[in-house]
Amino acid sequence: MKFETRAVHSGAERDPSTGSVSPPIHLSTTFEHGPAGETPHGLLYIRENNPTTLRLERALADLEGGEVALAFASGIGAGAAYLQSLPSGSHVVFADDIYYDFRTIAREFFPQWGLTASMVDMSEPGALRDALEKDTRLVWLETPSNPLLNVIDIESVASIAHDAGAKVLVDGTFATPALQRPLSLGADVVLQSTTKYLGGHSDVQGGAIIVRGADDVFTRLKLVRKVLGAVASPFNSWLILRGLRSLACRVERQSATALALAERLERHPAVERVHYPGLASHPGNAVARKQMSAFGGILSFRVAGGEAAALRTASKLELVVNATSLGGVESLLEHRKSSEGASSTAPPNLLRMSVGLEHVDDLTADLVGALDQTT
Ligand SMILES: *Cc1c(COP(=O)(O)O)cnc(C)c1O
């Protein structure tokens, strides 16, 4: 079946006791067991699993083409749990443009967890090869990346990493499984911040790890989730399941609008550079065409005149909301350097936009209007 159809039906089997079409939310924290702890329904306590979260996990595994998925309380919780599941002494190679708090984890927590990290530009196959060490267990990348929309060739990274005995994790939050399925391109693990497009309405937080095949690290990951506790709540799992139903449709429209906006911004004199993988001028355009079915709803652009001009543009918007996060139905824009703080590597004149479901003409008018007042 096609992705759109699976997005509507995965994990949506009718409730056997009522026939309800929308799944029930099971809020129970505990499930009746036998006198010696026998679990007739395979359920015991909410921190291990619950029926609503299990539905979400089945749906996510299906949509990503993985064997199994685990849902977490947040995207960062999912990623942190995965890293904590690696054997102590492991070395991790990260792409240099990744979600900033994963850089914070590497800096602040890796020494405590007995892990080491390198950051490399993965658009350079040679740089990745040079960074691999004998203890490298994992290569971690984000494509398209946050906030520069760098595109990394998943197939090529996977073949280099696998030759060195390392696994590959792709943070696929920007593309979603609607546009890119890393497991089918050779990656071993996908991370999703379901807070973003999968939830889709800026009203729920969650994360997930989906794996091609369960291995020792995955067994450990289940233990980390249960014992360290970053498990998804039933209500949040339900909201994310609901978001999945319209994912394909939302992302298709958001991608079309983002491409139109990127093309328009590229022609504006107050814009120094537009970062959007769908533009012919983007260095990753050919790879993006190969591994994505459309280019996603996130773009960023650099305003001519530096940081002050970028902040002025942000202040002149009337429709697009100045706010962090992404993937909702409303368009959001932020000055990434301000929101990431002192350790940010975002260019000072860069604005990142998450394109919502408003009409492209209204968004164009708002952006062009703000830029016209900047120059
Ligand atoms: C938001 C985000 C995360 C972190 O997810 P949370 O749900 O906020 O914890 C990780 N990776 C990417 C690419 C993100 O955009």
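Counting starts at 1 for both ligands and their atoms, following the listed order. Basis for what follows: all heavy atoms, side chains included, without hydrogens, waters or symmetry-related copies.
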Q) Asp171 side chain to Leu141 main-chain N or O, any donor-acceptor pair under 3.5 Å? A) no
Q. Passes side-chain hydrogen bond (donor to acceptor under 3.5 Å, both in side chains), Arg352 versus His275? Steps please.
A. CA-CA 9 Å; Arg352 186 191 75 188; His275 300 270; over 6 Å; no
Return a table of N or O atom pairs, ligand 1 on one side and protein on the other, at distances under 3.5 Å, rounded to 0.1 Å.
from, atom 1, to, atom 2, distance (Å)
ligand 1, 5 (O), Ser193, OG, 3.0
ligand 1, 7 (O), Gly75, N, 2.9
ligand 1, 7 (O), Ser193, OG, 2.8
ligand 1, 7 (O), Thr195, OG1, 2.6
ligand 1, 9 (O), Gly75, N, 3.1
ligand 1, 9 (O), Ile76, N, 2.8
ligand 1, 11 (N), Asp171, OD2, 2.6
ligand 1, 15 (O), Lys196, NZ, 2.8

Q. Under a 4.5 Å side-chain heavy-atom rule over Ile, Leu, Val, Met, Phe, Trp and Tyr, are Met353 and Val274 clustered together?
A. yes
Q: Please say which of Lys222, Arg220, Lys167, Arg137 ends up in a salt bridge (Lys or Arg N to Asp or Glu O under 4.0 Å) with Asp215.
A: Lys167
Q. Rounded to the nearest 0.5 Å, how far does CG of Leu115 lie from CD of Gln84?
A. 9.0 Å
Q: Please collect all side-chain hydrogen bond (donor to acceptor under 3.5 Å, both in side chains) contacts where either partner lies in residues 30-52, sequence neighbours excluded, each pair once.
A: Asn50-Thr53
